[in-house]
Amino acid sequence: MEQRIIDELALPQTTETEKRLAQQMQFIAEIDKLKQVLRMTLLTDGSRRENDAEHSWHLAAMAVVLHEYAVEPVDLQRVLKMAVIHDLIEIYAGDTFAFDTQGNEDKAAREAAAADKLFSLLPAEQGAELRALWEEFDRMDSADSLFAASLDRLQPFMHNVLTGGHTWKLGRVCAAQVYARMEPIRRGIPDVWPWVDSQIKACIAQGLIAAD
């Protein structure tokens, strides 16, 4: 299948522009695989698990709607780039459940190796740019990345609230774990934090999150 795709996308590569476009088209075809990576999170109607591509789209839409709440002004274009690329490495590394202690032990190594493989498909400077944005997102050390990462925590949290604590129950998650996971929201979009806090308390009261 992969060779068929490469063959069908084959372009004349006699000029630098043609070589560049061939690399970019191969990358674009490869990232279609993100649609096949399933997350633990259910769709808000509870009908099935969402995939990584759906999650990334939802994150981008949230950034458009909620960027006014960022604790510092953000560059929305950079945030949107982070939103659409932040999980691409899971094409090779797989999705690691946030509350899977064992799975998270080698997550960084698996994802770094996946990034090496994926971003090398692109022209060198473009691959380096996207990899740098991916690394910045993970570090949460800029206004843009903290805002983007905050939304990445908020999105599955909202899904959990709307699906009866689905992944919290799977992971037998306690309140302290949820609060720790949501910490970037308190720092990155503090005006949203009271809503998050109230939802956590309500979910504890309903038995969706285990009390400490």
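Positions are given from 1, in the same order as the sequence printed here.
- Under the 4.5 Å side-chain contact rule for hydrophobic residues, V65 and V74 share a cluster.
- L42 and L154 are not part of a single hydrophobic cluster, where members link through side-chain heavy atoms under 4.5 Å apart.
- A single hydrophobic cluster is not seen to contain both M158 and M40; linkage of ILVMFWY side chains at heavy-atom distances under 4.5 Å, directly or through other members, places them apart.
- Between the side chain of Q26 and the backbone N or O of Q23, no donor-acceptor pair lies under 3.5 Å.
- Among the candidates R39, K33, H86, K35, the single residue satisfying the side chain to side chain contact (heavy atoms under 4.5 Å, CB included) test with D52 is R39.
- The distance from atom OG1 of T163 to atom CD of E50, rounded to the nearest 0.5 Å, is 10.0 Å.
- Formation of a donor-acceptor pair under 3.5 Å by the D191 side chain with backbone atoms of Y69 is not found in this model.
- The minimum heavy-atom distance between A143 and P73, with the atom names listed, is CB-O, 3.9 Å.
- For L34 against S56, the heavy-atom pair with the smallest separation is CD2-OG, 4.0 Å.
- One N or O on the side chain of N104 and one on the backbone of F97 form a donor-acceptor pair closer than 3.5 Å.
- Smallest separation of non-hydrogen atoms from L130 and L122: CD1-CD1, 3.6 Å.
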### Task
Go through F27 and L88 one step at a time and tell me if the side chain to side chain contact (heavy atoms under 4.5 Å, CB included) criterion holds.
CA-CA 11 Å; F27 177 82; L88 290 181; 4.0 Å; yes
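- For the atom pair L80 CG and L59 CG, the distance stands at 9.5 Å (nearest 0.5 Å).
- In this structure, the side chains of I85 and I31 stay at 4.5 Å or more apart for every pair of heavy atoms.
- The two residues A211 and I204 make their nearest non-hydrogen contact at CB-CG2, 4.2 Å.
- With a 4.5 Å cut-off on side-chain heavy atoms, N51 and E54 count as touching.
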### Task
Take R20 and E125 through the salt bridge (charged side-chain N to carboxylate O under 4.0 Å, His left out) test and state the conclusion after the steps.
CA-CA 11 Å; R20 179 181 179 85; E125 89 291 343; 2.6 Å; yes
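- Rounded to the nearest 0.5 Å, atoms CD1 (I89) and CG (D138) are 7.5 Å apart.
- Looking at heavy atoms from C-beta onward, K169 lies in side-chain contact with L208 at the 4.5 angstrom threshold.
- Remark: L162 CG to F157 CZ distance equals 10.0 Å, nearest 0.5 Å.
- Under the 4.5 Å side-chain heavy-atom criterion for grouping Ile, Leu, Val, Met, Phe, Trp and Tyr, I28 is connected to L21 within one hydrophobic cluster.
- The 12-atom threshold is exceeded at CZ of R48, counting heavy atoms of other residues, nucleotides or ligands nearer than 6.0 Å.
- With sequence neighbours excluded, the residues that form a salt bridge (Lys or Arg N to Asp or Glu O under 4.0 Å) with R78 are E136, D144.
- Taking 4.5 Å as the limit, some side-chain heavy atom of L151 sits within range of a side-chain heavy atom of L66.
- Judged by distance alone, the side chains of Q155 and H159 do bring a donor and an acceptor atom under 3.5 Å apart.
- Proximity of D152 to H55: side-chain heavy atoms (C-beta onward) are separated by under 4.5 Å at one or more points.
- No side-chain heavy atom of I209 sits under 4.5 Å from any side-chain heavy atom of Y179.
- Note on V84: it does not cluster hydrophobically with V64, by side-chain heavy-atom contacts below 4.5 Å among ILVMFWY residues.
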### Message
I'd like to know whether M82 forms a side chain to side chain contact (heavy atoms under 4.5 Å, CB included) with S145, so could you lay out the CA-CA distance, the side-chain angles of the two residues, the decisive distance to 0.1 Å, and finally the verdict.
### Response
CA-CA 8 Å; M82 289 180 189; S145 60; 4.0 Å; yes
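- Applying the 4.5 Å side-chain rule to ILVMFWY residues, one finds that V37 remains a lone member of its cluster.
- Each of V71, I189, V196 was evaluated against S150; a single residue qualifies, I189, per the side chain to side chain contact (heavy atoms under 4.5 Å, CB included) test.
- Here the straight-line distance linking atom CZ of F99 with atom CZ of R181 works out to 6.5 Å at 0.5 Å rounding.
- For the pair R153 and M182, the tightest heavy-atom approach, listed with the atom from each and the gap, is O-CE, 3.5 Å.
- Between atom OH of residue Y92 and atom CZ of residue R110 there is a gap of 15.5 Å, rounded to the nearest 0.5 Å.
- The environment of E68 atom CD is dense: over 12 non-hydrogen atoms of other residues, nucleotides or ligands sit within 6.0 angstrom.
- In this structure, R131 pairs ionically with E135, as a charged nitrogen and a carboxylate oxygen lie closer than 4.0 Å.
- The nearest pair of heavy atoms linking A115 to W134 is CB-CZ3, 3.6 Å.
- Counting only distance, with no hydrogens or angles, the side chain of N160 and the backbone of T167 share a donor-acceptor pair below 3.5 Å.
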